[in-house]
Each structure stands twice: as structure tokens, then as C-alpha cells.
Q: 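One structure, pasted below without further comment.
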Amino acid sequence: MFLIFPDAESLAEHVSATLVDQIAKKPEIVLGLATGGTMEPVYRRFVEQVKRQAVDLSKFRSFNLDEYVGLAADHPKSYAAYMYEHLFRHIGHDPARHFLPDGLAPDLSQHCRDFAQMIRQCGGIDLQLLGVGTNGHIGFNEPGTPLDSRCHVVALSERTRIDNSRFFPEGAIVPATAITMGLQDIMEARRILLLATGQGKAETVAAFHDSDVTPDVPVTVLKRHPDATIMLDAAAASLLPPDVRERCAASAAMCMPLRRYA
Ligand code: GLP
């Protein structure tokens, strides 16, 4: 379940190669996409790779996990703007194929229902990318979120708002609410890759390893998924038991042949 890479760059390279490989096998793939600092090197590599290899991206569809309530898509700190900046402006953005929740939807509850429904109409998510918050949230499913939750509006925790304040200008107020895919929506993805990098995630990863499935640490729900891989760099893995680190570093080394795509 864990794969441990020496550093964030080699992890990003592997994830990017996996995406390219999956798109080549199934051009009409439905991807679940995530935002955050962890994903930036992944999208950077992916853009380089698809340009170098002239990968056909005309058919894939994507759904993003979450969006801040109250930020328009063209607000520089919206997740729509993040996706445009890090991915879509480089590969082409077709609003009919790439979906994000709308933080300005007039009826948010209805919008959440429509968003979850649209995922189902597209046949569900084939491959979901996930990051993790330091409090164990995935998407914006904060501690305490029911494991069977669907797309919903969430009040962000103080911890999440502080963590994410680094993406906002000094003194700016981080939105207090967001729309997120629910844990059940995420669990319905056929394959999940959760990425965590850096020392700042080491305690979260250790909590994931040590806990049973509990809404107090939402990421633990992935322990029930039949095809979820937790991909770490050495720093994020540093508080795992030494035998786990040894075994999982070895299995990541076996994945390295995928680098031929890079
Ligand atoms: C945000 C996003 C999550 C993301 C998490 C981790 O709260 N809603 O989807 O996984 O932050 O972000 P980072 O990669 O910047 O640590």
C-alpha cells in the first residue's frame, strides 16, 4: 500500500508517468484531480512529458476535488485558477471536459448534488489523485466527516485555514467554507493515488499508519479501498516503523522502470 520514493521529484516523475501510461491505455479516462503544493511538481512533469511525447489529451475528462466557496473561477486563489495555472493553460482547457465545483453557485446544495451526479454520469472516476491535509483531511473532508458523505459544503477547520494561508497574500482572509467531493465519492474511484511529501506530513502519515479507519482521521478511509496506493517521499515516511520504510522503499524501487516514460 505504501510506496516510498527518495524525494518529491522522483515521486512526481513516477506519478506523471503513471498518468501518461493510463491515458495512453484509455484516452477517454476520467481523472480525479487535486490541488495543493504537493501536486505542483506532478503537473509540471506531466506537462513536460505530454508535450515531449505528443500524448493525445483530447478525450480525457477530469473532476476536481474541491473549491473555496465565494471565490470566482478567475479569482487568483481559487482552485479553478490553480488548475488553469498549473495544468490547463499548458494542455488546453475544455470546460466541457474539465469540471470543478463552482464556488459561486447560487444554490450550493443543489450544485453539490449535480456535481456528484455528473461524476456518475461520466461513468465514475478511473484514477483519483489525492493530497492530504496535516489534520488528515482529503479533498476538504475535515475530521469528523461521515465516511459515507457525498459532495457537500464544509466549514474549514482552523488548522486547514492556517495551513492554506501560505497560498494567500499576507493579511488576506482564507475562505471559511468550501465545496468538496465527499468521502464516499472519493472511495468510488476505481484507483486512488494519495501523495504526501515533506517532513510536515510525517506525523499525518504515521497517524494514518497507526489508526484504524476513523472519521477523526478521514484519510484512514482509504484503508478500505481495494486499489489505493500511498506514495511518499522519504521525509513524509520518516515516522513510519523502520521495517515498513525498508519494505516500501524496496517496492518503489521496483516501480522505477516506469521512469522510461519520463
Ligand atoms: C488542501 C486541499 C487538499 C490538499 C491539501 C494538501 O486543503 N483541499 O485537496 O490535498 O490541501 O495540500 P498541500 O499539498 O499543499 O499540502
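Computed from a predicted structure; not experimentally measured. Ligands are counted one by one from 1 in listed order, and the atoms in each one are counted from 1 as well.
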Q: What class does the angle between the rings of H14 and F5 fall in, given that below 30° is parallel, 30 to 60° is tilted and above 60° is perpendicular?
A: tilted
Q: Who are the side-chain hydrogen bond (donor to acceptor under 3.5 Å, both in side chains) partners of H98, not counting sequence neighbours?
A: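 If we apply the side-chain hydrogen bond (donor to acceptor under 3.5 Å, both in side chains) test to H98, skipping adjacent residues, the hits are S62.
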Q: Quick one: list whatever passes salt bridge (charged side-chain N to carboxylate O under 4.0 Å, His left out) with R161, sequence neighbours left out.
A: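 Partners of R161 by the salt bridge (charged side-chain N to carboxylate O under 4.0 Å, His left out) criterion come out as none, since no residue qualifies.
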Q: Side chains of R52 and Q49 only: does a donor on one sit below 3.5 Å from an acceptor on the other?
A: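 No donor-acceptor contact under 3.5 Å links the two side chains.
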Q: Would you check if there is a donor-acceptor pair between the side chains of N64 and Y82 at a distance under 3.5 Å?
A: no
Q: Between ligand 1 and the protein, which N/O pairs fall short of 3.5 Å?
A:
residue, atom, partner, partner atom, Å
ligand 1, 7 (O), H137, NE2, 2.8
ligand 1, 7 (O), N164, ND2, 3.1
ligand 1, 8 (N), D66, OD2, 2.8
ligand 1, 8 (N), G139, O, 3.2
ligand 1, 9 (O), D66, OD2, 3.4
ligand 1, 10 (O), V132, N, 3.4
ligand 1, 14 (O), G37, N, 3.3
ligand 1, 14 (O), T38, N, 2.9
ligand 1, 14 (O), T38, OG1, 2.4
ligand 1, 15 (O), G37, N, 2.7
ligand 1, 15 (O), R166, NH2, 2.7
ligand 1, 16 (O), K201, NZ, 2.6

Q: If the condition is salt bridge (charged side-chain N to carboxylate O under 4.0 Å, His left out), which residues does D210 pass it with, not counting sequence neighbours?
A: none
